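Notes follow once the structure below has been shown.
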Number of protein chains: 2
Amino acid sequence: MDSPLIAAVRRFNRTVTQRVGALDDEYMARGRPLAQARLLWEIGPGGAEVAALRVRLGLDSGYLSRLLRTLESDGLVTVGPAEQAGDQRVRTAVLTAAGRAEWAELDKRSDELAWSILAPLTEARRERLVAAMAEVERLLVASMVVIEPCPPGDPRARACVRAYARDVGRRFDDGFDPALSNPVRDEELVPPAGVFLLATLNAEPVGCGAVKLHPGAPAEIKRVWVSDTVRGLGIGRRMLGELERYAAERGWTTVRLDTNRNLTEAIAMYRAAGYREVEPYNTEPYAHHWFAKDLAPVGP
Amino acid sequence: MDSPLIAAVRRFNRTVTQRVGALDDEYMARGRPLAQARLLWEIGPGGAEVAALRVRLGLDSGYLSRLLRTLESDGLVTVGPAEQAGDQRVRTAVLTAAGRAEWAELDKRSDELAWSILAPLTEARRERLVAAMAEVERLLVASMVVIEPCPPGDPRARACVRAYARDVGRRFDDGFDPALSNPVRDEELVPPAGVFLLATLNAEPVGCGAVKLHPGAPAEIKRVWVSDTVRGLGIGRRMLGELERYAAERGWTTVRLDTNRNLTEAIAMYRAAGYREVEPYNTEPYAHHWFAKDLAPVGP
DNA sequence: CCATATACCTGACTTTAGTCAGGCTTACCG
DNA sequence: CGGTAAGCCTGACTAAAGTCAGGTATATGG
């Protein structure tokens, strides 16, 4: 641990989260219980599914239901069946006219709070504050991304793999058809055969990566993808590192991967991470470059 | 209002206060009710007076008493008469050995929380995050400073004026004896004759300034001082602006002030704020420069 | 020395937040 | 088509947070 850095973070936590946080709550609440105000805010003018609200606010299912009933009886919200008429169990909360008015008020107050922070400063200091805030926010987001193993069949994992296919499809010279690519079966990405890692930000999937631990052969990295909402924050690099660590801890001493010539940033990242280009080791039709890296042995 | 700036501040508020703030609370609490943990933390290894705790934590007197009783019955705190044996009503809370151990634990966890934010980042990003945090913190402090009228007899005002005399005494060639300087009587700094403005940060005085509204003559600015804990944040400039505004709103079209040749930053600030040097308009023994500024007429 | 204010305390209370068990309806899987 | 799971709901509960109205002892100002 690096103590001057830690001391600086602690000072920041104290000043900012305590003072600004308290102000924020006060502005938000407007006499109403804070949980209700937050819920109203989170529903928003476009409405939201109950399940999504539960995740976003991190609330108990029963508690959320009760909060919704309260807002309903205050005439601010109506909860009805999902809009798209798919799953009939899913319910959607929508703001009434009164609810939208209340939401607009919260929006206005949120603006006012922000302005009350900027107003006392000179033009130049405002610019500096905002620039520094943006930097802090970006880097905090980077540090809030969690990378964890996840079953490849999990809906969030599936969503990432679909997003991966869509993204690379746009980049490859003639699109990407998973059926033509060398197949990756789910069982290969479940321990002990391999692992699928999911990167999440506030429980939302924002990236993935997988490694196959081929017995008696180098481990193989597949499906490294990072959502463009968090690109440029070093998540790809971290994902790569986690996958390498997973393989190294289980005794593999080499990892390799293949990639397409159009994914130039990915190629640059592999090189920067210590990968060297090697001869083709498979017949993946979409691949133009093959890379390998030797891993330092690690205790499990 | 400047909407891209406001939007950036709002994003920051959301990400930082909500997410980091929540983490902070969780780390702090350790199973104990948050209010108790915060109180224990605030008492600190050196102990604290009950009244000070009430102010710092913003708690109801009865609620605080009850929290102290709980910590006492848990053997973490003892509340006794004030250390300095002055006012016998004042009581001081002191940590017991167990309480100090608990405090050290909180301190450790606070370090861990800070580290948990830094750990996922690369070295370079850590440095950038800490630098940006320091910048945000500084500028937020600047924006949290409140400038308000205050009776010149208020203890906080007196403390500022004493600090002012001490500071300039160190800078002047042969010290500063208020008795030799042109006197400023309290009544001259009370509306409608004039005003004394106090700058506070979290209710602590950190600066002052005054203006005398001489009937039929230019208004006169006196006693502009800023604590060195908040120097370099534009507080002096703001104070000057507020004093000018006060005079302008009441119909004065010129303000002037005198200053000592050794106060070079102050002189630079006056020039930057649009003051021009004029002939001496008084016989202040400590003054070497006299400045004046014309004010644009303002409605009250 | 008396009236009044201050600092802290106690008891009684309300509101808010959050948890847990179980129940109903709809979806899904073999 | 029957069993199980998912999504949401209700009821019953607890703990924490916070408020308010007095009460006691000490200070303070005339």
Side-chain angles (χ1 to χ4, degrees), chain A residues 21-22 25-26 28-40 42-43 47-74 77-94 151 153-156 158 203, chain B residues 18 21-22 25-26 28-40 42-43 47-74 77-94 153 155:
Chain A
D25 288 352
E26 197 188 312
M28 191 58 129
R30 312 213 318 121
R32 192 186 306 283
L34 190 53
Q36 277 178 43
R38 271 209 239 280
L39 175 55
L40 182 72
E42 209 58 51
I43 292 170
E49 293 187 354
V50 173
L53 293 170
R54 207 164 43 223
V55 171
R56 284 210 293 256
L57 293 164
L59 297 177
D60 173 85
S61 156
Y63 186 28
L64 175 58
S65 262
R66 205 175 326 283
L67 287 172
L68 284 170
R69 289 303 84 68
T70 312
L71 289 178
E72 240 176 354
S73 75
D74 288 357
V77 164
T78 54
V79 180
E83 290 161 0
Q84 301 302 345
D87 191 329
Q88 285 305 108
R89 294 169 305 181
V90 175
R91 308 236 292 157
T92 305
V94 180
D154 185 290
R156 295 169 306 166
R158 294 273 188 242
Chain B
Q18 217 111 308
D25 289 353
E26 196 189 313
M28 191 58 128
R30 313 212 316 121
R32 192 186 304 285
L34 189 55
Q36 276 178 45
R38 269 209 240 281
L39 175 55
L40 182 72
E42 208 59 51
I43 293 170
E49 293 188 354
V50 173
L53 294 169
R54 208 162 43 224
V55 171
R56 284 210 293 255
L57 293 164
L59 296 177
D60 173 86
S61 156
Y63 186 27
L64 176 57
S65 261
R66 203 176 325 284
L67 287 172
L68 283 170
R69 288 304 84 67
T70 312
L71 289 178
E72 239 176 355
S73 74
D74 288 356
V77 163
T78 54
V79 180
E83 289 162 0
Q84 301 303 345
D87 191 329
Q88 285 305 107
R89 294 169 305 180
V90 174
R91 307 237 290 157
T92 305
V94 180

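All heavy atoms count here, side chains included; hydrogens, waters and symmetry mates do not. In this text the structure is predicted, and so the values were computed from the model without any measurement. Numbered from 1 within each chain, the chains take letters A, B, ... in sequence-line order.
Here the shortest heavy-atom pairing between L67(A) and A35(A) reads CD1-CB, 4.1 Å. Contact between A29(B) and L34(B) at its shortest, heavy atoms only, is CB-CD1, 4.2 Å.
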Return a table of donor-acceptor pairs under 3.5 angstrom between the side chains of residues 51-63 of chain A and protein atoms on other chains or two or more places apart.
unit_1: R56(A); atom_1: NE; unit_2: E42(A); atom_2: OE2; d: 2.9
unit_1: R56(A); atom_1: NH2; unit_2: E42(A); atom_2: O; d: 3.0
unit_1: D60(A); atom_1: OD2; unit_2: G62(A); atom_2: N; d: 2.8
unit_1: D60(A); atom_1: OD2; unit_2: Y63(A); atom_2: N; d: 3.0

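With sequence neighbours left out, the side chain to side chain contact (heavy atoms under 4.5 Å, CB included) criterion links R66(B) to no other residue. Applying the side chain to side chain contact (heavy atoms under 4.5 Å, CB included) test to V79(A) and every residue at least two apart in sequence or in another chain returns V50(A), L68(A), R69(A), E72(A), V77(A), R91(A), A93(A).
Here dG18(D) presents its C1' atom at 14 Å from CG of L34(B), a figure rounded to the nearest Å. Rounding to whole angstrom units, CZ of residue R32(B) and C1' of dA17(D) are separated by 17 Å. Atom pair D154(A):CG and dA6(D):P shows a separation of 12 Å (rounding to whole Å applied). Q36(B) has its CD atom 13 Å from the P atom of dA15(D), to the nearest Å.
Of the residues in residues 60-73 of chain A, D60(A), Y63(A), R66(A) come within less than 4.0 Å of DNA chain C through at least one heavy atom, sorted by number.
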Checklist entry - Where along nucleotides 23-30 of chain D does protein come under 4.0 Å, by heavy atom, of base (B) or sugar-phosphate alone (S), with - for untouched nucleotides? => result ---BS---
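First and last contacts of DNA chain C with chain A, using any nucleotide atom under 4.0 Å from a protein heavy atom and ordered 5' to 3', fall at dT16(C) to dA27(C).
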